[in-house]
Amino acid sequence: MAYEHKGIEKKWRERWKDRGTYRVENDTSKPKYYVLDMFPYPSGAGLHVGHPLGYIASDIVARYKRHSGYNVLHPMGYDSFGLPAEQYAIQTGQHPAKTTEVNIARYREQLDNIGFSFDWSREVRTSNPDYYKWTQWIFLQLFESWYDARQDKARPIAELIARFEERGCMGQDATILTGDVEEFVGEFSAAEWKAFEERTKQMVLQHFRLAYLSDAWVNWCPALGTVLANDEVKDGVSERGGHPVERKRMPQWSMRITAYAQRLLDGLDALDWSTSMKEAQRNWIGRSEGASVRFEIKSDLTPSPSPGERGTIPGDNRFRESANSFIWSKLIVRAKDMRHNPTEAEDRLWQVIRGNATGGRIRRQHIIDTFIVDFVSLPKQLVIEVDGDIHDLQKDEDALRTLRLGEEGFKVIRFRNEEVLSDPQEVKRKIIEELDARPDFNKDDVELSDKEHSSPLPGRGAGGEVIEVFTTRPDTLFGVTFITLAPEHVLVGKYTTDDRRAEVEAYVKTASNRSERERQAEVDKVSGVFTGSYAKHPFTGADIPVWVGDYVLAGYGTGAVMAVPGGDQRDWRFAKHFDLPIIAVTEGADIEQGADESKDATICSEGFLKGLKVPDAVRRAIQELEKLNAGEGRINFRLRDAAFGRQRYWGEPIPIYYKDDIPYPLPESELPLVLPEVDKFLPTEDGEPPLARAKDWSYNGHPLETTTMPGWAGSSWYFLRYMDPKNEGRFASPEAINYWQQIDLYMGGAEHATGHLLYFRFWTKFLHDRGYLPFDEPAKKLVNQGMIQGVSAKVWSVYGASYEGDVEVFPSLYISTRAYYSMANAADYGLVQKIFAELNHGFTSEVTDISVARSYADVRFVGLKDDLDMESFKLDKERIGSEKNVRFITEEDGTFLCIREVEKMSKSKYNVVNPDDIISKYGADTLRLYEMFLGPLEQSKPWDTNGIEGTSRFLKKFWNLFHSSDASAPPESSGNTAVPSTLRVDTPHVTNDAPTKPELKILHATLKKVTEDIEKMSFNTSVSQFMIAVNELAALKCHKRDVLEPLTVALAPFAPHIAEELWSKLGHTDSVTVAKWPQWDAQYLVEDNFSYPISFNGKTRMQLEFPIALSKEEVEALVLANPEVQQRLEGKAPKKVIVVPKRIVNIVV
RNA sequence: ACGGACGUGGCGGAAUUGGUAGACGCGCUGGACUUAGGAUCCAGUACUGCAAGGUGUGGGGGUUCGAGUCCCCCCGUCCGUACCA
């Protein structure tokens, strides 16, 4: 009976399914082991041979652990929400749920073919409402939580409210230090809190919630019509699809992952993850220690108004910030108070200009910057002030106010009380005149609801007349010669002097119009502009010019830097370019050549830092800054809060509704908020996300949120659902969570380093904080499988164009590699002529426009010797397309040779190898073994289908150990005699004879190696060991049960089908998957003798065998007594003899 | 530029962690059995040399009785981040 993989594998897959072999119970009597593969996204392309690599490795571990007595959780499911399905839906009109379903079915079929031990009864899909109900529930928990920096954990928002009611928000409370969102919401007392209106309270709370709505700079991808998270953008284009991405400011749901920055960093230390993976996370979090330094702006400089610049955001003018967030929450209270108690003149004027009386909406008692103005037209940016009786007393203050409003882009006109009271209509006429004279700054603004705000939330503002910078080198403060602001910095407009305004505006405009990609491409170009303003050096009081430059990033730190050209190369380049002064900050620095960035230097600046080493100088500088209240030590993170909303259809709806524009959580009883049906998967005409198309997308008459969650939402907690996948009352029961705990082995690609794995850890920590999990890291051990690359085949192709009548046709000619090179190298004219002849073959008109290129041939048509199957190639519609009259120039022997190249396996490179094809030819067990045999799991390596023969042969040999080759001949005599396989009659043949010592040695050496190798995930070497064992046992003609049975169990994790078959043939009725793992015994490995390599000066010259029991001295004596050794020594005495027992003998001469 | 990983036959890769470099497999060479061979089996296969021998783990230096392995410098490849102050 020959080894027939097809029948065997099919039979066992069916039995496993019927018997529920891989069903896992939450059986707490056994120790648990949790093996998880990263959630696959079921794409339409299906699996290629690279995908199952990690699954096979984790399956081996899962099976091995099961043999070793563990209750193993090894589930699989689908991350089934996502962009590709939706893009496909937009193109074809098919519902993404439908295409996703089809893709999943295809995935499942392919996975089943490989014989994985997944417990499919636990399958989860993120797009299933039973699942995303809990994703939404977790979102609500995040919404209802804040981060308490003192306790360093998330707490319910109700506890924050209780605190506000009791103590208000004073002093330290008001500062939330979370890296990115370092916001000062203003102080308020308990009484003030209680007096706040509902919307004010809600706005304040938004600053604390872990899931929050705010204006944020986002990565907007116009082609995909959605916002992307930082990790979804690579090189300025979207990771999926490669579309350009631009920076845009818009209201946005975000996750306050920055609150966890320090813990995400610290947690890495205890994890058994690869160093590169941890490093990637550390870099992404980007912690840097330094100082925050405040530079006062010289107040004698008088900036003047600039209409139209300040306050508007390029590209989006609906959500302008005009209020200063610094004291916004206080001002709003006062504004309301004033609105209720107007002066007589204010009231009279209001009556004539309210509503649409002036042709546009006028607001009263509106907050702009830090002021409450009497009346304002926001679209026209015109402020109307009515001066009361006290005006004369505060002329100076009003002048300042006019000035400041001017900086904000507002024109201020004033009327005296008397004017208004005597002739309000005349005042109105003047107002209309002014309004008409001004351009419309903000067309959309008039459509804003009748709410007293111009921004959904108070935004981030620096406040005061200072520029705040972050620096890691406060020790270089004496070397500051200028300050550079990012072009997007809010203070740019404010501190630009009149004479510089045109230039600065032009620069800012150019800078902001550039895409991320362009900006990154021009990194080495220095550009910038002087604002005209000066700041004051906190130590020396010197004038520090304020510049704008795009080498400063708006998103990092405060978006402003103190430039130290003597100590920072970027500043140095900027200074050189604009001829700004450069001061040496460190001893021995050559500031003509460049900045000295070394951190073990000595500071040379005059003053208190002189002579200090950098670390000491840093400490001292911070102390001095703190004394002057001009700065303090600070830790800064590169990590940003994560954009959470997607303007897309195919994702989890965010369970939020809006009452008076304020977001409120949907009650838990309303979950799941099911994804509604829509007529089209496109944005609405006015740019609303697709969910806005849904009928009745509201809750109790209140509109529901229309953005959906990003792909990473569902995958941030799925490992918990597998523990208890059917639970309807909770995301997973505490019992299940307590039993299964963390993932013991998490297997997946390294590309998730900064996306999924960070969010995954973040949500786990959050759920831990809120008491739902006993652990705060999801995966103890992480292994990244390497990529399997494709080996592409390329052909030299000559294309031309020709006409058949009026029809343009494209004949093409392919030239075999060697022929091509002989032509190219030797200028073989005959061949050139041949090319033209071939190209013109069969065409009436001359072929023109000839071009030569290397193009792809599908690897399926390329043979062992890189030879192309020309007929199949010609018929390849997908590849050849409309080419007419395809011809070849071959080698002299008639073959056609391709060029081979290792690159990424992908459809577009025609080098995809489908596992299904491999399985039908060689079987799943061979595929599994070969994928493991290719090389170390974590390393990238090219796929070479030719090599698979070796593992296939191994399985045949293994099979043959259980069979005799010929029923008529005893195994002993049939050994080395070759018998044609077609004539071969194999019969089961296993004896119960006692194994010999060499046989036991092979067995136990194999068990030892394989066991140890699985533990350290070195699967390629364990496959080698199996091969060695089979070769040696075959040589010994061993057919003994006591040897073969343990080997079968050991092989089962790698090749489960053949192992099951042989196991049952050995007479077992239970599955091999539950057989006890065979233990190796050291006593069988002990040797009596050891063949010592005898080396002279480290070079091995001969072998001498001695009993192991001999001591060092005895070995040395025997070696020196050996005649051959004596001959080599030529009578001289050796200087030294080193004997390492059971290792080596080295003679030094 | 910075951070990480790595560099061994024609190819994928081994090497007990400082102790016989090239296990195992592919490919190749020769042979056996064959109508046939892209089946099976046997032998060989780092380079060089007829041989004895010599040389060899990207290059150079060092530590050591002994280095693919440890240290220093340089070169190259891959991955990540990318003006992060």
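All values below come from the heavy atoms of this structure, side chains included, with hydrogens, waters and symmetry mates left out. Order of the sequence lines fixes the chain letters, A, B, ..., with proteins taken first and strands second; residue numbering starts at 1 for each chain.
We find that A:Glu632 and A:Arg634 are not joined by a salt bridge, their nearest charged nitrogen and carboxylate oxygen being 4.0 Å or further apart. Contact check on A:Glu1116 versus A:Lys1112 returns no salt bridge, with no Lys/Arg side-chain nitrogen under 4.0 Å from an Asp/Glu carboxylate oxygen.
Note: A:Tyr930 and A:Phe933 have tilted aromatic rings, judged against thresholds of 30 and 60 degrees for the angle between ring planes. Below 30°, between 30° and 60°, or above 60°: for A:Tyr551 and A:Phe574 the angle between ring planes is between 30° and 60°, a tilted geometry.
Mapping A:Gly935 and A:Ile948 onto RNA chain B by nearest heavy atom places A:Gly935 at the nucleotide closer to the 5' end. Nearer the 5' end of RNA chain B, as judged by each residue's closest nucleotide, is the contact made by A:Met277, out of A:Met277 and A:Gly947.
Using Watson-Crick or G-U wobble geometry with both donor-acceptor distances under 3.5 Å, B:rA15 finds no partner in any strand shown. Partner assigned to B:rG68 is none, using Watson-Crick or G-U wobble distances below 3.5 angstrom. The partner of B:rA1 is B:rU81, judged by Watson-Crick or G-U wobble contacts that both fall below 3.5 Å. In this structure B:rU40 sits in a base pair with B:rA32, meeting the Watson-Crick or G-U test at under 3.5 Å. Searching all strands for a Watson-Crick or G-U wobble partner of B:rU55 with both distances below 3.5 Å returns B:rA46. Using Watson-Crick or G-U wobble geometry with both donor-acceptor distances under 3.5 Å, B:rC6 finds its partner in B:rG76.
Here B:rA5 presents its P atom at 12 Å from NZ of A:Lys278, a figure rounded to the nearest Å. Residue A:Leu937 contributes atom CG, which lies 12 Å from atom P of B:rA14 at whole-angstrom precision. One interatomic measurement links the two molecules: NZ of A:Lys1135 to P of B:rU64, which rounds to 14 Å at whole-angstrom precision. At whole-Å resolution of the value, OH in A:Tyr922 and P in B:rC26 are 12 Å apart. B:rA14 atom C1' lies 17 Å from atom CE of A:Met932, rounded to whole Å. In this entry the distance linking NZ of A:Lys941 with C1' of B:rC6 reads 14 Å, nearest Å. In this structure, A:Asp1013 atom CG and B:rA14 atom C1' are separated by 11 Å, rounded to whole Å. One can place CD1 of A:Ile1147 at 16 Å from P of B:rC65, the figure rounded to the nearest angstrom.
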Treating primed atoms plus P, OP1 and OP2 as sugar-phosphate and everything else as base, which nucleotides of nucleotides 15-24 of chain B get B, S or - for protein heavy atoms under 4.0 Å? ----BBS-BB
Sugar-phosphate atoms are those with a prime plus P, OP1 and OP2; base atoms are the rest. Using that split, label each nucleotide of nucleotides 76-85 of chain B B, S or - for protein heavy atoms under 4.0 Å, 5' to 3'. -----SSBBB
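Rounded to whole Å, the C1' atom of B:rG68 lies 9 Å from the corresponding atom of B:rA15. Look at the P atom in both B:rG62 and B:rA14: the space between them is 31 Å, to the nearest Å. For B:rG37 and B:rU29, the P atoms lie 14 Å apart once the distance is rounded to whole Å. If you take atom C1' in B:rC50 and the same atom in B:rC41, they sit 32 Å apart, rounded to whole Å. The same atom, P, is picked in B:rU20 and in B:rC26; the two are 26 Å apart, to the nearest Å. Across the C1' atoms, B:rG53 and B:rG49 are found 8 Å apart, a figure rounded to whole Å. Comparing B:rC11 with B:rU48, their P atoms sit 14 Å apart, to the nearest whole Å. Atom P of B:rU57 sits at a distance of 23 Å from the matching atom of B:rA51, rounded to the whole Å.
With a glycosidic angle no more than 90° from 0, B:rG9 adopts the syn conformation. With a glycosidic angle more than 90° from 0, B:rU8 adopts the anti conformation.
Contact of the A:Pro545 side chain with the A:Phe578 side chain is not registered, since no non-hydrogen atoms from C-beta on lie closer than 4.5 Å. The shortest distance between side-chain heavy atoms of A:Phe1026 and A:Leu955 does not fall below 4.5 Å. Put simply, the side chain of A:Leu757 reaches to within 4.5 Å of the side chain of A:Leu782, judged on heavy atoms. Using a 4.5 Å heavy-atom threshold, the side chains of A:Pro538 and A:Leu477 count as touching.
A donor-acceptor pair under 3.5 Å is absent between the side-chain atoms of A:Thr484 and the main chain of A:Met562, judged by distance alone.
Applying side-chain contact (heavy atoms from CB on, under 4.5 Å) to A:Arg473 and the options A:Val585, A:Val614, A:Val564 leaves one that passes, A:Val614.
Between A:Arg953 and B:rU40, a side-chain N or O to OP1/OP2 separation shorter than 4.0 Å is present.
Cation-pi geometry between A:Lys278 and A:Trp273 is not met at under 6.0 angstrom from the ring centre and within 45 degrees of the axis.
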